[in-house]
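Accompanying notes for the structure given below.
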Amino acid sequence: VSRLRRRLASAGWYLLLTAVMLVTAVPFAWAALMSIRETAANPFPRNRPAQVLPYPGLVGWGEGLREARATGEYAGPGGWWRDYGPEVRERLEGTRLEPYTFPATTENYYRVAQDIAIGRYFMNSLLVALGAVALTLLLCSLAAYPLAKLRFAGRDVLFIVVLSTLIFPEQLILIPLYVMAVNVFGFQNSFYGLILPFAASGLGIFLLRQIYYAIPDELIEAARIDGASEFGIWWRILLPLIRPGLATLAIITFVGSWNNFLWPLLMLSDTSLFTLPVGLSYLRGFFSGSLRTVAAGIVIATVPIIIVFMIFQRQFIQGLSGAVKG
Amino acid sequence: MSTKPLAARTGRSLQARRRTITAYLFLAPALSFLLVFFFLPLAQVVYYSFTDFNLYRSNWVGAANYTALVNDPLFWLSIRKSFIYLLCTPILIVLSLSLAIIVNRSLRGIAFFRAMYFMPAVISAVAIGMIFELVFADQGLLNGLLRGLGLVRISVGFLQDPNLVLPSIMSVTIWRGVGYYMVMFLAGLQAIPKELYEAAAIDGANTLQQHLYITVPGVRPIIVLVGVLSSIAALRAFDEIFIMTSGTGGILNSGLTAMFYLYRQAFVFNNVGYASAIAVVFSLIIIVFTLINLRLGGAR
């Protein structure tokens, strides 16, 4: 009996967990469903069930989309399209599934790929994010070491100076930073302008200082007695030891840079340099009439990051909870 | 000190000086970045706020920007909108703590659920704003459901009705943040000793009482942390507002938070001086608010 009760209890938990998961997953699924719909279709016809099950409709890639729409098929030098809609509809007719189905199409994806350099935006975002991670890790791991482990004049003052950057909201420095980036450094339409201004992070220095702090002083003393230079100690002994902290900071920096929108929006006007969020916003304006094509752009932009996240989800979650504990 | 031989004394001070130089060499790169890209702009924004700086001129105007600000109804409207936006914070705390309690148990596959709840946090607010445009649209998921259930006859204009624009966008901010803050609470929950709950159960406390008297005090530091982080995030929310109002700030300024007003004055109207005054006043409000939060959380 107690086993049955335990089973029931865990079934209840799974039910609750799944219900909550639907809240996070359904909007994504909805975007995916929209992206394979024809532009004019209404998923919620009057007095009939919602159409949510896709069957193959107008499928293909390349030129000939318009011809295929008119004649049902196109196979030319530059492309291939075929409309499976009528056939499948015939087979579905009278079945119980029929009212729930709609013809799926690849045309939205074709349009996005045709008009928007989304692959390029992707590479731009990756380049900027990797550059930001490399520079931030270097600057913060260098600066945090003396703040945690060396005794020198002015240490406490400097630590307070670093901490004070955390209290000032980002929007306070946004305007002069923009003026400086444009007038002094000429950062407009360059990736330096996206990477350099936020490379030294007070949060990153603070985070790594906490981790250096936990390393026993004896280790460093022993290395000094062995005649290692301070730089050598940092590079060969300490950096390997703070790897978990570096991973956390890398994840936070990568996600922050990858998702950053306002700053790249201000810095970039050359469409070939757009990062993914700016490119998505541009795509949204470009296809403003067609939500379905916009949905295809969203899917192309989010699926890779979802896959990366699913592979590294453990590191992501442990990294963040590590940062909280530290 | 003075009894020590001279050589040892100068030796020590020489060593101390060398250590100081080493320390500053390690610090120099980061400090110079902070100086140029943080502290210099910090001083400049205050200076700009006393000028009529735009792209063509820059004259000292004294406190004129600030007196204009006080008499600007749109500024006060935007401050009010930002404070409404702050309602995200208590909702986020309650939801993410509850969710953390739910996923803080050893069930097979629990890591998968945690990952699924966390996932929205790694996706850009721009993409999420666009996804929710599809959800809130006329023929979108939400209106479809509401009509299907017979709750409404005509589609609800979630992003068109001036009264609904801000709550709709706030719900997206909340939806995106819950999993993120859940992970923070999870770290706190796992630090609470299990014996406390066992002892309370023996004393006859039910689940709700256990969570009220053990969990909530146990994660108090995390509540403060989440409170500070999520209120700062709420006050500077921009991406989802920009996307879901098509860059306009919403019909009848319905989505015009202080952050968005700052953006509009600085980068649409090029009133850099005036926008700097907005930035200064708004930031002071945020800083005072954060300090109050920390003080309330720190004081037992």
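Here is the naming used below: chain letters follow the sequence lines, and residue numbers restart at 1 for every chain.
Residue Leu172(A) forms a side-chain contact (heavy atoms from CB on, under 4.5 Å) with just one option from Val280(B), Val46(B), Leu284(B), Leu262(B), and that option is Val280(B). No option in Leu291(A), Val294(A), Leu33(A) other than Leu291(A) meets the side-chain contact (heavy atoms from CB on, under 4.5 Å) test with Leu134(B).
Ring centroids of Phe37(B) and Phe198(A) are separated by 6.0 Å or more, keeping the two rings apart.
In this structure, chain A has no heavy atom under 4.5 Å from any part of Ile21(B). Only the side chain of Ile110(B) has a heavy atom closer than 4.5 Å to any heavy atom of chain A. Heavy atoms closer than 4.5 Å to chain A are found nowhere in Phe185(B), neither backbone nor side chain. For a residue to count as touching a neighbouring chain, one of its non-hydrogen atoms must lie under 4.5 Å from one of that chain's; by this rule Val308(A) does not touch chain B. Contact annotation for Arg147(B): only side-chain heavy atoms (C-beta onward) come within less than 4.5 Å of a heavy atom of chain A. Heavy atoms of Phe113(B) lying under 4.5 Å from chain A belong exclusively to its side chain. At a 4.5 Å heavy-atom cutoff, Ser32(B) makes no contact with chain A through either its backbone or its side chain. Heavy atoms of Leu142(B) lying under 4.5 Å from chain A are absent altogether. In this structure, chain A has a heavy atom under 4.5 Å from the side chain of Ala137(B), while its backbone stays farther away. Contacts of Thr290(B) with chain A are made by side-chain atoms alone, with heavy-atom separations under 4.5 Å and no backbone atom involved. In this structure, the portions of Ala275(B) lying under 4.5 Å from any heavy atom of chain A include both its backbone and its side chain. Interface residue Phe38(B): backbone and side-chain heavy atoms are both found under 4.5 Å from chain A. Of the two parts of Met259(B), only the side chain, counted from C-beta on, holds a non-hydrogen atom closer than 4.5 Å to a non-hydrogen atom of chain A.
When each of Ala23(B), Ala111(B), Ala125(B) is scored by its heavy-atom pairs under 4.5 Å with chain A, the top score falls to Ala23(B).
Taking a 6.0 Å sphere around OH of Tyr192(A), one finds it holds 12 or fewer heavy atoms contributed by other residues, nucleotides or ligands. Within 6.0 Å of CZ on Phe312(A) lie no more than 12 heavy atoms contributed by other residues, nucleotides or ligands. In the displayed structure, Arg105(B) atom CZ is contacted under 6.0 Å by more than 12 heavy atoms of other residues, nucleotides or ligands.
The shortest non-hydrogen separation linking Tyr24(B) to Ala153(A) is OH-O, 2.9 Å. In terms of heavy atoms, Leu27(B) sits closest to Pro146(A) at CG-CG, 3.8 Å.
A salt bridge links Glu133(B) with Arg284(A): the closest approach of a Lys/Arg side-chain nitrogen to an acidic carboxylate oxygen falls below 4.0 angstrom.
In this pair, Trp234(A) and Phe26(B) present their aromatic rings perpendicular. The plane angle is above 60°, beyond the 30 to 60° band.
Trp13(A) places no side-chain N or O within donor-acceptor distance of the main-chain N or O of Leu107(B), the cut-off being under 3.5 Å.
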